[in-house]
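The next block holds one structure in the form of structure tokens; read it before the comments.
Here, residue 1 is the first one in the sequence, and each next residue gets the next number. All values reported here derive from a predicted model rather than from experimental measurement. Both ligands and their constituent atoms are indexed starting at 1 by order of listing.
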Amino acid sequence: MVWDTDLTPISNRRFHNLRNRLLFFYFLIIAAILGTFSAAVYLLVAHDRNQQLDAHLRQVAASSTGTLEIIQHEYEELTTEDKYKGYVPTGSDGMPVPITLSQLMGKYQAESVSQIAVSPLAASHQGVEWYDARQRLMVREGGLFLQTSLPSDIPQHGVWSQAGNIRSFTQPAYAVSTMNPDQILGYVRVTESTFTLEAELHRLRWSLIFGVLTVSGLAALGGIWLTHESLKPVVQSFDQLKQFTSDASHELRNPLTAIRASIAVMQSHPERVHPADVDKLISIATASAQMSQLVDDLLLLARMDRQAPDQSGWRRIALDELLEDLVDLYRDRAEQSQVSLKSQLISGVEVNGDASQLQQLFMNLLTNALQYTPSGGTVIVSVQRIGTHALVTVQDTGIGIAPEQLPHIFDRFWRADQARSRYEEGSGLGLAIAKTIAQRHKGDITAQSKLGEGSYFYVKLPLAG
Ligand SMILES: Nc1ncnc2c1ncn2[C@@H]1O[C@H](COP(=O)(O)OP(=O)(O)O)[C@@H](O)[C@H]1O
Ligand SMILES: [Mg+2]
């Protein structure tokens, strides 16, 4: 695959992270869109189905209230007339117990009984109850009843109640045939189980969740291909850019070396140089030294970008020895600029790494500390052991860094305005290199600073096992 062969491992890792992030957000967006859509569908369906159920209950209630007057009449005959004595059984309290419609109609001819027996209300998930005006249950039909008595306050348009997954609607019935149409004749309560509806909605819910996950998963699979294709040119041009930087720096090295060698030769024979040209020669020498430093830095960065850390060249490094050597190396420079350079080192703090790269890392920090600390200031290098890590601190009492600039100091070619205007030396690559080296050693580098007071640079590296 182009992805794997075109790139060196380090850039591969960088683009891998980018691709994974893109994929993750792509999946999240698709899932969010589908999730919202499915939730809306579910809510609409649930609302609709509940409405249907309520409409059905209302309809049954309306037709049942129409029969209340007749049922009441029949029931009264059965319970009061002597010829039907014993037809309606009585409960332990001596009161007649509720009977079914078929029992009520049983006193008539057989065909009426069979007609009612096939009533759809016989379904086990529904029930209708007819109450008299004193809310005493007379007749009931169907297979589902609430054990509770009627609600205390029943408005004219009826009242809904829900207990568990049983939904009921109670409606008063008014006398149509009497002189007083407001007189309550009795009540009808219709009950229906919402169990089937809930099972249906439960199924719908899971189908939608499963659908959203499946479609999002498929979209993510498509996304893998899509991000791969769309990142391909970016990866290629990034790789070409790195190759170009690396080649250009490499090619610039030889002519620069030639220029510097020629200048050195000229400077070693001052008698051959016209006195008016001495200063110009010094400027050229300084500029070419800066340029070759810049080219070296660029080349180092380009190489580190292209290649994964080669741990075969790593060895155990005692940090106190490495730092002591560097402090010795920088002592003269510190004295020249009248900065007190101190070290607080402890022995036995060892890390695994590339000695020259770690040297470069701390040199960059020390160069900065000395460069950005005015005379009379102090620079302290210290090393500590913290858990499984070594912590090297390079601390100075220099010009400091403004809080809003602190996040940028590790960016390539970034220099604070103050540094740019006052200290010509420097390219803004020192800290970028230091950070890259620290990260290649599975460590990190952070900074704390106060403008005008000084800075702390912390390098954290894993201790050698
Ligand atoms: N010890 C320090 N004190 C104050 N400012 C610092 C210090 N170290 C770095 N900086 C700021 O961070 C910028 C980037 O540092 P660096 O990458 O080493 O580049 P430069 O080549 O400018 O030294 C510097 O230009 C400077 O503004
Ligand atoms: Mg620097």
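In this structure, a donor-acceptor pair under 3.5 Å is present between the side chains of Gln52 and Arg49. With hydrogens and angles left out, the side-chain atoms of Arg58 and Gln171 include no donor and acceptor closer than 3.5 Å. Residues Ser455 and Ser449 have side chains that bring a donor and an acceptor to within less than 3.5 angstrom of each other. Under the 3.5 Å distance criterion, with hydrogens and angles disregarded, no donor-acceptor pair is assigned to the side chains of Asp239 and Gln243. A donor-acceptor pair shorter than 3.5 Å cannot be found between the side chains of Thr65 and Tyr174. Under 3.5 Å, the side chains of Gln293 and Asp297 contain a donor-acceptor pair of N or O atoms.
For the Mg ion (ligand 2), the set of protein N/O/S atoms nearer than 2.8 Å consists of Asn368 OD1, ordered by chain and number.
Residues passing the ring-ring contact (aromatic ring centres under 6.0 Å, His included) test with Tyr423 are Tyr372, sequence neighbours excluded.
Protein residues having a heavy atom under 4.0 Å from any atom of ligand 1 are Asn368, Ala369, Tyr372, Asp396, Ile399, Gly400, Ile401, Ile409, Trp414, Arg415, Ala416, Ala419, Gly426, Ser427, Gly428, Leu429, Gly430, Leu431, Ser455, Phe457, listed by chain and number.
Between the side chain of His274 and the backbone N or O of Ala276 there is at least one donor-acceptor pair closer than 3.5 Å.
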Just distance, no hydrogens or angles: give the donor-acceptor pairs under 3.5 Å from side chains in residues 207-224, sequence neighbours left out.
unit_1 : atom_1 : unit_2 : atom_2 : d
Ser207 : OG     : Arg203 : O      : 2.6
Thr214 : OG1    : Phe210 : O      : 2.5
Ser216 : OG     : Val212 : O      : 2.6

